[in-house]
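First comes the structure, then the notes that go with it.
Every heavy atom of this structure was used, including side-chain atoms; hydrogens, water molecules and symmetry mates were not. Everything numeric in this text was worked out from a predicted model, so none of it was measured. Numbered from 1 within each chain, the chains take letters A, B, ... in sequence-line order.
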There are 2 protein chains.
Amino acid sequence: MNDVKVYTNGKAYKPIENVWRCPRHLLKAARADAIGRAGHQLQHHKLATIEDVAAIAGVSIATVSRAINEPTKVADETRRRVTEAIARTGYTTNAMARSLRMRRSNMILILAPDVGDPNFSNILVGLETEASKRGYGVLIGNTQNDATRETDYLRFISSNQADGLILFTGHLPYGFGQEGAEARLPPMVAVNEPVSNSDVPFVGVDNFEGSRVATEHLISQGHRRIAFIGHSTSKAVNILREKGYRAALEGHGITVDPRLILDGDGTTESGRAATEHMFVRDVLPTAFFCVNDATALGVIISLNARRYDLPREFSVMGFDDISFASFVTPSLTTMKQPRLKIGEEAMDLLLALLAGEKPKQNEVLLRAELIVRNSVARASRD
Amino acid sequence: MNDVKVYTNGKAYKPIENVWRCPRHLLKAARADAIGRAGHQLQHHKLATIEDVAAIAGVSIATVSRAINEPTKVADETRRRVTEAIARTGYTTNAMARSLRMRRSNMILILAPDVGDPNFSNILVGLETEASKRGYGVLIGNTQNDATRETDYLRFISSNQADGLILFTGHLPYGFGQEGAEARLPPMVAVNEPVSNSDVPFVGVDNFEGSRVATEHLISQGHRRIAFIGHSTSKAVNILREKGYRAALEGHGITVDPRLILDGDGTTESGRAATEHMFVRDVLPTAFFCVNDATALGVIISLNARRYDLPREFSVMGFDDISFASFVTPSLTTMKQPRLKIGEEAMDLLLALLAGEKPKQNEVLLRAELIVRNSVARASRD
DNA sequence: TTTGATGATGTAAAGGTTTTCATGAATGAT
DNA sequence: ATCATTCATGAAAACCTTTACATCATCAAA
């Protein structure tokens with residue numbers, strides 16, 4: 001229309017003729033002014049930008065940015081004007097622009113094989129709480145241990161959409177771990193299951209110690225013939241818990257009877273099968289210490305089916321304290337994993353790594369808590 | 001050093017004297033070339049950009065962008081060269097830059113009062129699966145029904161960090177819902193609990209119909225005196241389920257006995273209390289239909305404590321099929337919420353809204369499935 | 001041969017920040 | 001009065017895309 005454009009924002013800016021030299025914060029003054037007049041009500045999807053704020057406050061965008069991020073670096077009066085302008089426009093800094101510029105998204109990606117798993121969701125609470133407290137958001141990725149899905153999620157990392165990684169999977173995402181790819185690994189922390197063959201820091205429960213405590217509890221109730229259900233040569237968790245069991249027995253001068261140690265993969269079915277197997281061979285304990293609650297449930301189901309009176313005739317102890325533990329009959333005595341705490345600690349560690357700190361130790365082990373319910377009683381026989 | 005800079009990337013570009021007119025894709029040729037020589041191994045945190053790819057492929061960045069996003073619009077041979085350059089550099093498009101430019105993050109924010117709730121995590125699986133299938137990521141926010149935390153999370157929306165919202169909370173986030181703020185509402189879908197006093201689309205189970213089916217199952221087992229535990233005048237879920245219960249009774253010509261309808265807020269404790277109350281007043285049913293499994297658990301605990309033989313003396317029916325339902329004794333007959341499906345449908349609906357489609361209906365109701373276990377038996381008396 | 005249409009590609013302008021460097025005023029030391 | 005510091009601020013570059021528009025070659029139709 002007209003060749004020479006005039007910009008005003010009510011603060012008596014002079015018309016400028018060299019348009020391409022017009023200070024950037026004036027270029028959009030008209031628009032900002034419109035916003036100003038309309039109060040804090042904005043156009044549908046046109047949000048206020050830092051330029052709008054700058055124009056209203058009568059300062060440059062650099063100053064606005066500083067007023068927000070380093071308040072001490074701007075004069076009191078200026079800061080006041082900026083703050084007011086922000087309130088008037090309802091301005092929020094655009095996270096995308098910020099991330100782009102800072103090469104940092106303030107997002108953490110959580111990779112889990114099964115998001116529906118109760119163990120996951122409980123730790124998640126801790127992770128999320130800590131992250132949010134520190135200004136980070138959490139993104140979740142359900143991998144189902146599928147290589148494709150894992151690599152899919154790597155784009156969050158390599159596209160700068162996430163700064164760090166929490167691994168529930170027990171292994172590096174497929175595509176990492178390759179030689180040469182080392183440099184591309186973002187800061188990460190493993191949780192729930194340590195990452196095998198790697199130096200990824202791990203936060204979890206102290207399985208050895210917890211298992212020892214559990215076994216000692218059974219011993220303290222007079223049990224001498226204690227079975228361990230859930231032997232495995234591959235699963236790190238199972239191996240550690242078995243070690244704790246053995247340590248407790250040996251600590252009390254009780255000889256470990258290999259016939260009382262049965263295989264199990266941690267499923268309910270494996271607990272049931274192991275118990276049945278025990279009755280077939282007719283080598284019976286007075287108490288069952290199970291590698292986890294799911295296994296313990298299998299044992300209880302099997303014993304209930306055989307019409308034994310629990311815990312009078314057999315004691316059963318689990319590990320984990322998963323949600324149903326208090327609902328089985330008899331309710332399960334077990335070791336409670338401090339899941340909330342695990343989540344918080346893991347996130348705390350990850351954020352420290354992001355801040356450039358070197359981890360003092362490669363694993364953080366938290367103590368499991370003995371939860372006494374009704375599945376353990378004093379031994380009624382030898 | 002020298003005033004005239006020379007840019008080469010091995011493809012015989014001529015030196016250019018007007019530096020500020022130098023084509024952008026040449027400006028960084030040297031760097032890209034270095035990357036090229038080093039194979040796909042990158043500097044620690046310097047990822048390849050679209051310019052690197054462009055320089056290697058010998059095209060402009062516009063063409064690279066098109067080759068990626070609208071492959072049909074570039075010549076076959078060019079596309080081939082670009083693809084190869086991408087492979088060589090290990091390029092991934094920077095999500096932040098993309099989002100900034102497109103004003104769209106491809107992220108969905110999920111707001112839930114309790115992330116640890118099993119109902120949440122199961123629906124989450126469906127949400128995540130569908131989102132990821134469609135190229136969206138999910139961000140989770142644990143609000144604990146805290147106003148501060150809810151407003152905190154709104155920055156994800158107002159800073160363009162999330163395009164849409166899934167609400168588990170049953171209400172609009174604090175700060176929305178105000179007058180005038182209408183325009184700022186992003187597309188959203190409610191799940192688990194409908195949002196009261198609003199037209200936010202809801203995806204959930206058909207409570208009325210499911211409840212009717214449940215009650216009919218009890219009737220089909222010969223029960224006539226069926227209690228409803230969980231009456232409420234405020235909770236939408238409870239109200240609907242009670243309506244289904246009444247409809248079933250009336251459909252079979254059974255008079256509703258108000259003395260068999262007891263208050264309850266859906267907690268285990270409320271189920272226990274209601275049952276005790278019933279025995280105090282000595283008006284007994286032959287079957288208990290509970291508003292949900294948690295309530296049913298309370299009923300079972302109470303009945304077990306009174307040494308009744310279940311399900312012979314009393315039948316108990318729940319609703320939801322939460323995880324422990326199969327572990328209680330007797331294992332609980334209940335209506336299963338199709339949680340995975342709910343999650344998928346909700347996300348599907350939200351993405352449709354994002355794509356600009358108008359929802360055909362304001363709520364999508366999915367059918368609950370009858371799960372027969374051991375807590376319901378044929379009525380042994382009137 | 002001219003014109004018009006089509007198709008492939010390049011140029012440059014957003015998109016909204018943060019931050020380096022430059023500028024200029026005010027303050028304190030000499 | 002002069003000079004060196006310090007302090008508050010502004011200009012402009014950089015972060016990396018997508019896309020409207022312009023350009024140019026090619027080919028078909030007139």
Examine C/dG10: is either OP1 or OP2 under 4.0 Å from a nitrogen or oxygen in the side chain of B/Ser60? Give yes or no. yes
If the cut-off is 4.0 Å, is A/Asn69 near the phosphate of C/dT18, judged by side-chain N/O to OP1 or OP2? yes
Holding to side-chain contact (heavy atoms from CB on, under 4.5 Å), I want the full list of residues that pass it with [X], two or more places apart in sequence or in another chain.
| X | answer |
| --- | --- |
| B/Ser105 | A/Met96, B/Ser99, B/Met107, B/Asp163 |
| B/Ala85 | B/Val53, B/Ile56, B/Ala57 |
| B/Arg101 | none |
| A/Ala346 | A/Leu127, A/Ile166, A/Val189, A/Val191, A/Val203 |

[atom1] of [X] versus [atom2] of [N]: gap in Å, rounded?
| X | N | atom1 | atom2 | result |
| --- | --- | --- | --- | --- |
| A/Met96 | C/dG16 | CE | P | 13 Å |
| B/Glu51 | D/dC16 | CD | C1' | 8 Å |
| B/Glu77 | C/dA8 | CD | P | 13 Å |
| A/Gln161 | D/dT17 | CD | C1' | 13 Å |
| B/Leu100 | D/dC16 | CG | P | 12 Å |
| B/Met102 | C/dA14 | CE | C1' | 14 Å |
| A/Lys73 | D/dC7 | NZ | P | 10 Å |
| A/Asn106 | C/dT18 | CG | C1' | 14 Å |

Among [options], the nucleotide that comes nearest once only the side chain of [X] is considered:
| X | options | value |
| --- | --- | --- |
| A/Ser65 | D/dT18, C/dT18, D/dC16 | C/dT18 |
| A/Arg101 | C/dG15, D/dC15, D/dT17 | D/dC15 |
| B/Ala62 | C/dG15, C/dA12, C/dT18 | C/dA12 |
| B/Arg103 | C/dA8, D/dT17, C/dG16 | C/dG16 |

With sequence neighbours left out, what residues match B/Arg66 under salt bridge (Lys or Arg N to Asp or Glu O under 4.0 Å)? none
The criterion is salt bridge (Lys or Arg N to Asp or Glu O under 4.0 Å); which residues satisfy it with B/Arg104, sequence neighbours excluded? none
Ionic contact status for A/Glu84 with A/Arg81, cut-off 4.0 Å: no
Which is more 5' along DNA chain D, the nucleotide nearest B/Glu70 or the one nearest B/Ala97? Just name the residue. B/Ala97
Within-4.5 Å side-chain heavy-atom neighbours: A/Tyr136 and A/Leu354: yes
Would a 4.5 Å heavy-atom cut-off, applied to side chains only, mark B/Thr49 and B/Asn94 as touching? no
Under 4.0 Å, counting only non-hydrogen atoms across every strand here, what does B/Thr78 touch: a base, just sugar-phosphate, or nothing? sugar-phosphate
Please figure out whether A/Thr63 or B/Ala75 has its closest DNA chain C nucleotide nearer the 5' end. B/Ala75
For the helix from C/dT1-D/dA30 to C/dT30-D/dA1, what angle separates the axis at the start from the axis at the finish, each from five pairs, in steps of 10°? 50°
Please tabulate, one pair per line, each protein N/O and nucleotide N/O from nucleotides 22-28 of chain C that are separated by under 3.5 Å, including the distance.
none

Kindly write out the residues that satisfy side chain to side chain donor-acceptor pair (under 3.5 Å) with B/Ser132, not counting sequence neighbours, or none if the list is empty. A/Arg149
Can you find an N or O donor on one side and an acceptor on the other, under 3.5 Å apart, linking the side chain of A/Arg66 with the base of D/dG10? yes
